[in-house]
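Have a look at the structure below, then the notes.
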Number of protein chains: 2
Amino acid sequence: MTRTTIADVAREAGVTKATVSHALSGNRPISDETRSKVLAAAERLNWVPSQSARALATSRANAIAVVLARDPEVIANDSFFPAFIAGVESVLAPTETALILQVVPDRAAEERAYRALSRGRADGALLLDLRTDDWRVPLLGELNLPTVLVGAYDQPSGFSCVRTDDAAPVREIVARLRADGHERIAHVSGPLDYVHSKARADAYVDAMGGDSLLREGDFTASSGRALTAELLALPDRPSAILYSNDTMAIAGLSYARSQGLSVPRDLAISGFDDDHLSAHLSPALTSVSSDPAARGRAAARLLREGILGAEPRTELVDCNVVHFRESTESAASTPPASTPAPPEVSRRTP
Amino acid sequence: MTRTTIADVAREAGVTKATVSHALSGNRPISDETRSKVLAAAERLNWVPSQSARALATSRANAIAVVLARDPEVIANDSFFPAFIAGVESVLAPTETALILQVVPDRAAEERAYRALSRGRADGALLLDLRTDDWRVPLLGELNLPTVLVGAYDQPSGFSCVRTDDAAPVREIVARLRADGHERIAHVSGPLDYVHSKARADAYVDAMGGDSLLREGDFTASSGRALTAELLALPDRPSAILYSNDTMAIAGLSYARSQGLSVPRDLAISGFDDDHLSAHLSPALTSVSSDPAARGRAAARLLREGILGAEPRTELVDCNVVHFRESTESAASTPPASTPAPPEVSRRTP
DNA sequence: ATGAAAGCGCTAACAC
DNA sequence: GTGTTAGCGCTTTCAT
């Protein structure tokens, strides 16, 4: 059984291949009668055009790519990514465009991946986890692959960009903590070469005006724990810590409790990303939600435009919302009776 | 600037296209000298073979596909999926195989997607979220697309299958609750046409021996909440509820608390999937971890085999581990002093 | 061990 | 409005 091709459909419909092709693409006027004959024949033979043949003929892959150079552990625990992908898909789906996902172990593999993608596998790429002076930006420029940068990339790039304002929520949290009487406020950031980590850290330093206490983490639970330990061991230890994601915040929370500290009474804690479970922790975690799906939709739209030849443009998706919850509640801000400090299940060795 | 092709490389190396092709694929003996000349030329011109041309010539896409017919909300809150994908990628990456991800809104779109995939876009597919008598199984058979079923599919399929034993952890949890004195134990399942939901529900009913109290949810927080409300309103309400995922369990937990119940004192709760934050909730949630990455790796391996023409086979990945945590602790099993019931932030209207 | 040439299944000029 | 034909960039017989 040899698979059915456009030639079979043409024969079945009594027309030529060109007519079949145009009947489907609408790329040239076709009489209604011919079109329906063709459609009927295609239906009868259960024919679907071959993507690879079409891709070769048009140099269009009808696919876009996301290459991830992350550690599997980080991917598994990340609440941003799945929602972002869902957003991307929601605009891709109606256009029959596929999403190619590639996870690579190192930079050499990542570069190979982009080169291969640009040679017939994908029509464009979405760049996540941007770093300052990201080497991928010039590479993709050279490869001439339409690209959308997801994140606040500030160097010139010639690409479209989906940004969010990460500074505002940081300022808002710091201001609230200050108002609640916190003076010593620390920040556990993500890797500072990531533009979003950097933006948050800069906003924090700025808001603290010289009196900042910054530690650079890597978004993993273990770094959250280690850096919290470091901060709490300080002679003049902070009474509040802002973490750059929820995973680190929760690790920090666990550590603080293991030391017999009560959150938020002895230590106020806030996260970032608002994992769907964070509101259910106890104490519920103050965090910043940022609608990753909306960013995915914007990125996919911009990429489609770019592939179609539109000028690059930057879109600001403003979706950051701070959710103040129990983990930053102060005695001052709430009547103590209504929110008693959670009992400490002390894990200190007796 | 027209992109460089195999012909350019051949010219540069002073050989023919065929030689270039074979120098890279190793499909026929080549003198070491010629090969290195070719490789050098390719390197010099920064040439990477076109995937679409290669796909057309070999009818090999070098890609596999996962089609998801889920609601975006469910995708975003699912802890299984990202880890599973990371596992898949870890075996795909070294083979330069791409993963195509497609999210579709309805059955018609899903069927079209599979037809299109089988026509040159992908060499195989991974089937998730299996249902009993899943219509996709015969479709993929007819399309002749190598496929791996991820889940305990029991009908004949002719495909490879990655299974896990979901009954065992359910039995283990029920037994433990029984031993702790619970008599009225309910189960909030996922949709019962999913094979994994069904397997868990069957195991539950079986373990309860006639005295079961089953409600069918849909894995969303809202269904978890609604069904918990229903169960707690029963005259003879359960003292323990097993949920088929963590999201529903946590929604149930919140609801119970909102009603002034204490978990686990008044109601024991267990989840499934062991979200990475579940251990950090308060009370920490009893749940079942199942190493989705291991299943992803197994599925990808099996699919590669199948594409290469191997006979279908079933692999049992046994990775389910029950983590008993505070949410199912009974007074009997722990001295009350060491794990005081969490204080109720009562949300009842006064 | 290498070269020449015929496709893979489509699309897009170019005719008419 | 429809047919003819020449590619798209590879791989793979078939020769040599």
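No experiment lies behind these values; they were computed from the predicted model shown. Letters go in sequence order (proteins before strands), and every chain restarts at 1. Only heavy atoms go into these numbers, but all of them, side chains included; no hydrogens, no water, no symmetry mates.
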ask   = Hey, is Asp8(B) close enough to Arg44(B) for a salt bridge, meaning N to O under 4.0 Å?
value = no

message = With nearest nucleotide decided by heavy atoms, which residue, Ser50(B) or Ser31(A), maps closer to the 5′ end of DNA chain D?
response = Ser31(A)

key: Rounded distance in Å - CZ (Arg54(B)) to C1' (dC10(C))   = 20 Å

ask   = Tell me: CD1 of Ile6(B) to P of dG7(C), nearest whole Å?
value = 19 Å

query = Atom CD of Gln51(B) to atom P of dC10(D): distance rounded to whole Å?
reply = 10 Å

query = Whole Å only: how far is the NZ atom of Lys37(B) from the C1' atom of dG3(C)?
reply = 13 Å

message = Once you apply a heavy-atom cut-off of 4.0 Å, does Arg35(B) come out as touching a base, just sugar-phosphate, or nothing?
response = nothing

task = Taking only the side-chain nitrogens and oxygens of Asn27(A), find out if one of them lies under 4.0 Å from OP1 or OP2 of dA12(C).
result = yes

key: Carboxylate-amine/guanidinium contact Glu111(A) Arg115(A), below 4.0 Å   = yes

inquiry  = Whole angstroms only, please: what is the CZ-P distance between Arg60(A) and dG9(D)?
reply    = 15 Å

task = Considering only NZ, NE, NH1 and NH2 on the basic side and carboxylate oxygens on the acidic side, decide whether Arg163(A) and Asp154(A) come within less than 4.0 Å.
result = yes

message = Using a heavy-atom cut-off of 4.0 Å across all strands, would you classify Thr34(B) as base, sugar-phosphate, or nothing?
response = sugar-phosphate

request  = With the side chain of Leu56(A) defined as its heavy atoms from C-beta on, choose the nearest nucleotide among dC10(C), dT2(C), dG9(D).
outcome  = dG9(D)

message = By the 4.0 Å heavy-atom rule, please label Arg119(A) as base, sugar-phosphate, or nothing.
response = sugar-phosphate

Closest nucleotide among dA1(C), dT11(D), dT11(C) to the Ser21(A) side chain = dT11(C)

remark   = Leu45(A) CG to dG9(C) C1', in whole Å, measures 15 Å

query = Hey, what's the ring geometry for His196(A) with Tyr194(A), parallel, tilted or perpendicular (30° and 60° as the breaks)?
reply = tilted

query = Could you state the CG-C1' distance from Asp32(B) to dT2(C), rounded to the nearest angstrom?
reply = 15 Å

inquiry  = What's Thr19(A) touching, base or sugar-phosphate or nothing? Going by heavy atoms closer than 4.0 Å.
reply    = sugar-phosphate

task = Report which part of the nucleic acid Thr16(A) touches: base, sugar-phosphate, or nothing (heavy-atom distance under 4.0 Å, all strands).
result = base

request  = Measure from the side chain of Ala57(B), starting at C-beta and using heavy atoms only, and say which of dT2(C), dG7(C), dG9(C) lies closest.
outcome  = dG7(C)

Nearest heavy atoms of Val88(A) and Gly296(A), plus distance in Å = CG2-O, 3.5 Å

remark   = Against the side chain of Arg28(B), the closest entry in dT13(D), dT11(D), dT11(C) is dT13(D)

note = Testing dC10(C), dA1(C), dC10(D) for proximity to the side chain of Ala53(A), the answer is dC10(C)

ask   = Which residue lies toward the 5' end of DNA chain C, Ala18(A) or Lys17(B), if each is placed at its nearest nucleotide?
value = Lys17(B)

